[in-house]
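Everything quoted here is computed from the prediction, not taken from an experiment.
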Amino acid sequence: MNPAPPVTQMTEPMDDLLTKSQLDAAPILPRGFYQRPTLEVAGELLGALIVRRTDAGVVAVRITEVEAYLGVADPACHTFGGRRSRRNESMWGPAGHAYVYRIYGLHCCLNIVTVGDGTPEAVLIRGATTVHGGGLVADRRGPTVARRSWTDGPGKLCRALAVGLTDDGADLCSAEGALTVRRGAGAATVGEVERLPRVGVDYAGEAADWPLRLRLK
DNA sequence: TCTAGGATCGGCT
DNA sequence: GCCGATCCTAGAT
């Protein structure tokens with residue numbers, strides 16, 4: 001006689017929007033996708049899926065909000081003026097890799113490197129909705145956090161996906177990788193995207209007003 | 001070596 | 001809506 005089923009079955013979310021097989025069927029965005037103008041990439045990342053594999057299981061989110069950071073000519077960007085350091089080294093590398101950094105000593109932010117070939121630009125993933133692995137996310141975010149608040153900020157998103165500094169530089173285009181970005185079933189269509197100024201970059205002068213924050217309505 | 005400040009979050013009022 | 005937490009990073013000296 002077997003006792004009661006394991007607790008994990010109870011935390012298995014009843015409302016995952018995508019199944020494991022649907023995730024596997026979604027094609028990984030190829031490196032060429034990222035080797036284009038950053039704003040173009042940012043717009044097309046809306047609706048795409050970030051799939052995270054760990055020993056604990058698989059979590060997938062659909063990207064709903066991003067910000068474009070335009071490299072050496074963008075005062076809000078970590079590589080403005082050609083700045084290059086250990087922290088932002090990943091931005092100087094090939095496109096399609098992760099750039100993860102710690103902010104305020106507390107949180108991590110996930111970026112995707114674009115363009116490549118010594119053009120250090122990136123797209124910051126600001127917000128997403130969980131489409132698979134909700135039980136795991138609930139465990140990571142804690143019981144007091146409402147579902148809608150699981151991934152509605154860059155730091156929260158990293159916690160939900162268990163993304164940390166060890167993921168800095170990770171290749172997002174490799175099927176074997178623990179972190180991949182896949183084409184979303186319902187990618188954003190023209191007219192559903194609103195363009196806003198970026199958050200928290202007041203120090204960047206007029207660049208703070210550039211409408212490089214893209215959000216699904 | 002020192003110091004100021006930050007691409008945030010969550011608790012409290 | 002406000003404010004404190006917390007520590008890494010880059011720039012100044």
Rounded to whole angstrom units, what separation is found between the CD1 atom of A:Ile103 and the P atom of C:dC8? 13 Å

Could you check whether A:Arg147 pairs with A:Asp152 (Lys NZ or Arg NE/NH1/NH2 to Asp/Glu carboxylate O, under 4.0 Å)? no

Nearest-angstrom distance from the residue atom OH of A:Tyr101 to P of C:dA10: 12 Å

Charged N to carboxylate O under 4.0 angstrom, A:Lys217 versus A:Glu194? no

Given 3.5 Å as the limit, does a donor-acceptor pair link the side chain of A:Arg31 with the main chain of A:Ala95, or not? yes

So which residues get pulled into A:Trp92's cluster when ILVMFWY side chains under 4.5 Å apart are joined, directly or through others? A:Val72

A:Asn88 has an atom CG; how far is it from atom C1' of C:dC8, in whole Å? 14 Å

Please report the distance, rounded to the nearest Å, between CD1 in A:Ile125 and C1' in B:dT8. 16 Å

N/O to N/O distances under 3.5 Å, protein versus nucleotides 9-13 of chain B:
from: B:dC9; atom 1: OP1; to: A:Gly153; atom 2: O; distance (Å): 3.4
from: B:dC9; atom 1: OP1; to: A:Pro154; atom 2: N; distance (Å): 3.2
from: B:dC9; atom 1: OP1; to: A:Gly155; atom 2: N; distance (Å): 2.8
from: B:dC9; atom 1: OP1; to: A:Lys156; atom 2: N; distance (Å): 3.0
from: B:dC9; atom 1: O4'; to: A:His107; atom 2: NE2; distance (Å): 3.0
from: B:dG10; atom 1: OP1; to: A:Arg141; atom 2: NH1; distance (Å): 3.0
from: B:dG10; atom 1: OP1; to: A:Arg141; atom 2: NH2; distance (Å): 3.2

Listed partners of A:Ser85 passing side-chain contact (heavy atoms from CB on, under 4.5 Å), at least two apart: A:Arg87, A:Asn88

Of the residues in residues 161-169 of chain A, which ones touch DNA chain C at a heavy-atom distance under 4.0 Å? none

Can you give me the N/O atom pairs linking the protein to nucleotides 11-13 of chain C at distances under 3.5 Å, or say none if there are none?
none

Decide whether A:Phe80 and A:Tyr99 are clustered together by the hydrophobic rule: side chain heavy atoms of Ile, Leu, Val, Met, Phe, Trp, Tyr closer than 4.5 Å, transitively. no

Of C:dT9, B:dA7, B:dT8, the nucleotide closest to the side chain of A:Tyr104 is B:dT8

For A:Met91 and B:dA7, give me the distance from atom CE to atom P, rounded to whole Å. 12 Å

Run the side chain to side chain donor-acceptor pair (under 3.5 Å) check on A:Tyr34 and A:His97 step by step: do they pass? CA-CA 9 Å; A:Tyr34 304 102; A:His97 285 246; over 6 Å; no

Under 6.0 Å between ring centres, would you say that holds for A:His78 and A:Tyr69? no

The criterion is side-chain contact (heavy atoms from CB on, under 4.5 Å); which residues satisfy it with A:Val199, sequence neighbours excluded? A:Glu67, A:Arg126, A:Arg213

For atom CZ of A:Arg87 and atom P of C:dC7, their distance in whole Å: 17 Å

Could you tell me whether A:Asp168 and A:Arg86 make a salt bridge, using a distance below 4.0 angstrom between a side-chain N and a carboxylate O? no

Where along residues 197-215 of chain A does a heavy atom come under 4.0 Å from DNA chain C, residue by residue in number order? none

Sorted by chain and number, sequence neighbours left out, side-chain contact (heavy atoms from CB on, under 4.5 Å) with A:Leu106 holds for none

Heavy-atom side-chain proximity of A:Arg141 to A:Lys156 below 4.5 angstrom: yes

Which residues in residues 115-123 of chain A have at least one heavy atom lying under 4.0 Å from any atom of DNA chain B? none

Under 3.5 Å, side-chain donor or acceptor atoms of residues 113-123 of chain A against the rest of the protein: list the pairs with distances, not counting sequence neighbours.
from: A:Thr114; atom 1: OG1; to: A:Thr38; atom 2: OG1; distance (Å): 2.7
from: A:Thr114; atom 1: OG1; to: A:Glu121; atom 2: O; distance (Å): 3.4
from: A:Glu121; atom 1: OE1; to: A:Thr38; atom 2: OG1; distance (Å): 2.5

From CZ of A:Arg102 over to P of B:dA7, roughly how many Å is that when rounded to an integer? 15 Å

Scanning both residues in full, the closest heavy-atom pair of A:Leu49 with A:Ala26 reads CD1-CB, 4.3 Å

First encountered from the 5' end of DNA chain C, between A:Gly105 and A:Arg84: A:Gly105

State, yes or no, whether a side-chain contact exists between A:Val61 and A:Val131 at a heavy-atom distance under 4.5 Å. no

Of A:Val41, A:Leu124, A:Leu45, A:Leu29, the one forming a side-chain contact (heavy atoms from CB on, under 4.5 Å) with A:Ile112 is A:Leu45

Please tell me if the side chains of A:Thr180 and A:Leu172 come closer than 4.5 Å, counting only heavy atoms from C-beta onward. no

Got a sec, which residues hit ring pair (Phe, Tyr, Trp, His ring centres under 6.0 Å) with A:Phe33, two or more places apart in sequence or on another chain? none

Wobble G-U and Watson-Crick pairs count when both distances are under 3.5 Å; given that, what is the 5' to 3' dot-bracket string of DNA chain C, with | for pairing to other strands? |||||.||||||.

On a heavy-atom basis, the closest approach of A:Ala204 and A:Pro75 is O-CB, 3.6 Å

